[in-house]
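Okay, so here's the structure we're looking at.
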Amino acid sequence: MPSEPFVNKNSIVREIWGTSDTILLVFAGASAEFALNKAVDWLYFTGKLPSDPLGRLFSTVNYAKAIVFSEKDAAIKAIDHITAIHTAVENKRGEAIPEWAYKDVLFMLIDYSIRSYEILERPLHIEEKQDVLNVFINVGQRMGLKNLPLTYADFQTTRNDHLNQNLKNGHYTKDLYKQYRKHLGIFRYRLLLESQILLLPNTVRELLKLRKQSLLAPFIPIYKICRSLKIDWVLKDIILPSAYKQEIKRLNITSS
């Protein structure tokens, strides 16, 4: 008999993580915060992030998506596997990844899941935001993280504290954005920046010296119309990196 799902089948999290549109916006936000995080040197230690930044970020997103749509037993195994990978890196380097760095990744997945869905779909009710929080806090607790926020109000406070304490625009930030530009090309790189302007919290956007208003904002209603007419993939085929088109299409799954 199959086990219960890790995420309830009626959860808003399944709707958020069931479409490539919202996941790609989460990807855009994560790419900004990874570059600013004071612990980004850990990602440089393995060499995987600077050599393949898109692949590394897709890996993080795919792990999260797999957990969201797995049965409980499989999700727990996936979380334990993630923990084991990080433990191996810690052993190789001879020191522990700071717990706040693990929390930062967890918090960005929570925050950008909510922000992305609200940009592309509709405002979420507080109960739905709490649902998103609950799912990812369960992941963090399985990873052994302590003192995680259990209410959405507490999360907002803790999230702001982390943004103010754990981010800086340094050498790794500049290098990683050079890698984004190199791997995306100038047009897609500009599209990434505009997506980030649309999505990022003020603290993050200001650290990156990005303007307040995104050029994409007026096109969101148009894109929603294209999506309702099932012609949004015409636009995606034009703007998405060819190497990742099939992988991005596989991000679309039903929540049933």
Side-chain angles (χ1 to χ4, degrees), residues 25-50 53-54 56-61 63-64 67 79 82-83 85-90 92-116 129 132-180 192-193 195-210 212:
L25 269 187
V26 173
F27 173 98
S31 65
E33 278 202 44
F34 270 127
L36 288 169
N37 197 282
K38 291 179 180 178
V40 72
D41 59 296
W42 278 95
L43 296 174
Y44 271 76
F45 175 73
T46 64
K48 291 181 180 179
L49 185 62
L54 302 183
R56 182 63 181 79
L57 287 163
F58 264 112
S59 175
T60 299
V61 166
Y63 268 118
I67 291 168
I79 296 167
I82 294 169
T83 303
I85 290 172
H86 288 92
T87 300
V89 174
E90 290 174 326
K92 188 173 182 180
R93 189 169 179 177
E95 59 181 291
I97 298 172
E99 186 174 68
W100 57 260
Y102 283 109
K103 290 180 178 179
D104 283 345
V105 176
L106 198 67
F107 293 168
M108 74 172 71
L109 290 174
I110 295 166
D111 194 10
Y112 293 133
S113 292
I114 292 169
R115 289 173 180 269
S116 298
K129 293 179 180 180
V132 176
L133 176 69
N134 292 343
V135 167
F136 287 101
I137 291 303
N138 286 341
V139 174
Q141 290 175 335
R142 179 66 191 183
M143 294 178 71
L145 302 181
K146 308 296 183 184
N147 301 316
L148 293 167
L150 299 181
T151 68
Y152 187 71
D154 286 344
F155 166 73
Q156 289 179 296
T157 300
T158 307
R159 167 72 167 155
N160 286 333
D161 289 344
H162 275 244
L163 290 177
N164 289 323
Q165 296 168 10
N166 301 339
L167 304 182
K168 70 174 182 179
N169 190 324
H171 165 74
Y172 290 116
T173 310
K174 295 173 178 61
D175 183 72
L176 198 48
Y177 267 82
K178 286 180 182 177
Q179 298 303 323
Y180 293 158
L192 173 66
L193 294 182
S195 300
Q196 290 175 344
I197 294 168
L198 194 66
L199 181 70
L200 295 174
N202 289 339
T203 304
V204 183
R205 181 174 44 75
E206 289 168 3
L207 278 170
L208 290 168
K209 298 179 174 60
L210 298 173
K212 292 183 179 181

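These figures come from a predicted structure and were not determined experimentally.
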### Query
So Tyr102 and His86, would you call those rings parallel, tilted or perpendicular, with 30° and 60° as cut-offs?
perpendicular
### Message
Measuring from atom CD of Gln165 to atom CG of Asn160, what distance do you get when rounded to the nearest 0.5 angstrom?
### Response
10.5 Å
### Task
Kindly compute the distance separating CD (Gln141) from CD1 (Ile79), expressed to the nearest 0.5 Å.
10.5 Å
### Task
Look up atom CZ in Phe27 and atom CG in Leu199, then write down how far apart they are to the nearest 0.5 Å.
12.5 Å
### Heavy-atom pair with the smallest gap, counting every atom of Ser195 and Leu25
CB-CD2, 4.1 Å
### Query
Is Tyr180 reaching over with its side chain to a backbone N or O of Ser31, donor-acceptor style, under 3.5 angstrom?
yes
### Task
Report the C-alpha separation of Lys174 and Asn169 in whole Å, then their side-chain angles, then the decisive distance to 0.1 Å, and conclude whether the side-chain contact (heavy atoms from CB on, under 4.5 Å) test is met.
CA-CA 8 Å; Lys174 295 173 178 61; Asn169 190 324; 3.1 Å; yes
## Note on the structure
Heavy-atom closest pair (Met143 atom, Ile82 atom, distance to 0.1 Å) is CE-CG2, 4.3 Å
### Task
Mark yes or no for whether Lys168, through its side chain, and Thr173, through its backbone, hold a donor-acceptor pair below 3.5 Å.
no
### Task
Please step through side-chain contact (heavy atoms from CB on, under 4.5 Å) for the pair Leu148 and Phe107, ending with a clear verdict.
CA-CA 10 Å; Leu148 293 167; Phe107 293 168; 4.3 Å; yes
### Task
Determine which pairs satisfy salt bridge (charged side-chain N to carboxylate O under 4.0 Å, His left out) with at least one residue from residues 157-167, sequence neighbours left out, and list them in order.
Glu33-Arg159, Asp111-Arg159
### Message
Is there a side-chain contact (heavy atoms from CB on, under 4.5 Å) between Val139 and Tyr63? Walk through the geometry before answering.
### Response
CA-CA 11 Å; Val139 174; Tyr63 268 118; over 6 Å; no
### Message
If I compare all heavy atoms of Leu210 with all of Leu193, which pair ends up nearest, and what's the gap?
### Response
CD2-CD2, 4.4 Å
#### Entry: For Val40 against Ala35, the heavy-atom pair lying closest together
CG1-O, 4.4 Å
### Task
Considering non-hydrogen atoms only, spot the tightest contact between Ile97 and Ala101 and give its length.
CG2-CB, 4.0 Å
### Query
Between CG of Asp104 and CG of Leu167, what distance do you get to the nearest 0.5 Å?
6.5 Å
### Summary
Heavy-atom nearest pair, Tyr112 first then Val26, reads O-CG2, 3.5 Å
### Query
Just how far is it from atom CZ of Phe155 to atom CG of Leu106, taken to the nearest 0.5 Å?
8.0 Å
### Query
Stepwise, does the side-chain contact (heavy atoms from CB on, under 4.5 Å) test hold for Arg93 with Asp41?
CA-CA 11 Å; Arg93 189 169 179 177; Asp41 59 296; 2.8 Å; yes
#### Entry: Residue of the set Tyr44, Tyr177, Trp42, Phe34 for which ring-ring contact (aromatic ring centres under 6.0 Å, His included) holds with Tyr172
Tyr44
### Query
What is the distance from atom CG of Asp154 to atom CG of Asn147, rounded to the nearest 0.5 Å?
11.5 Å
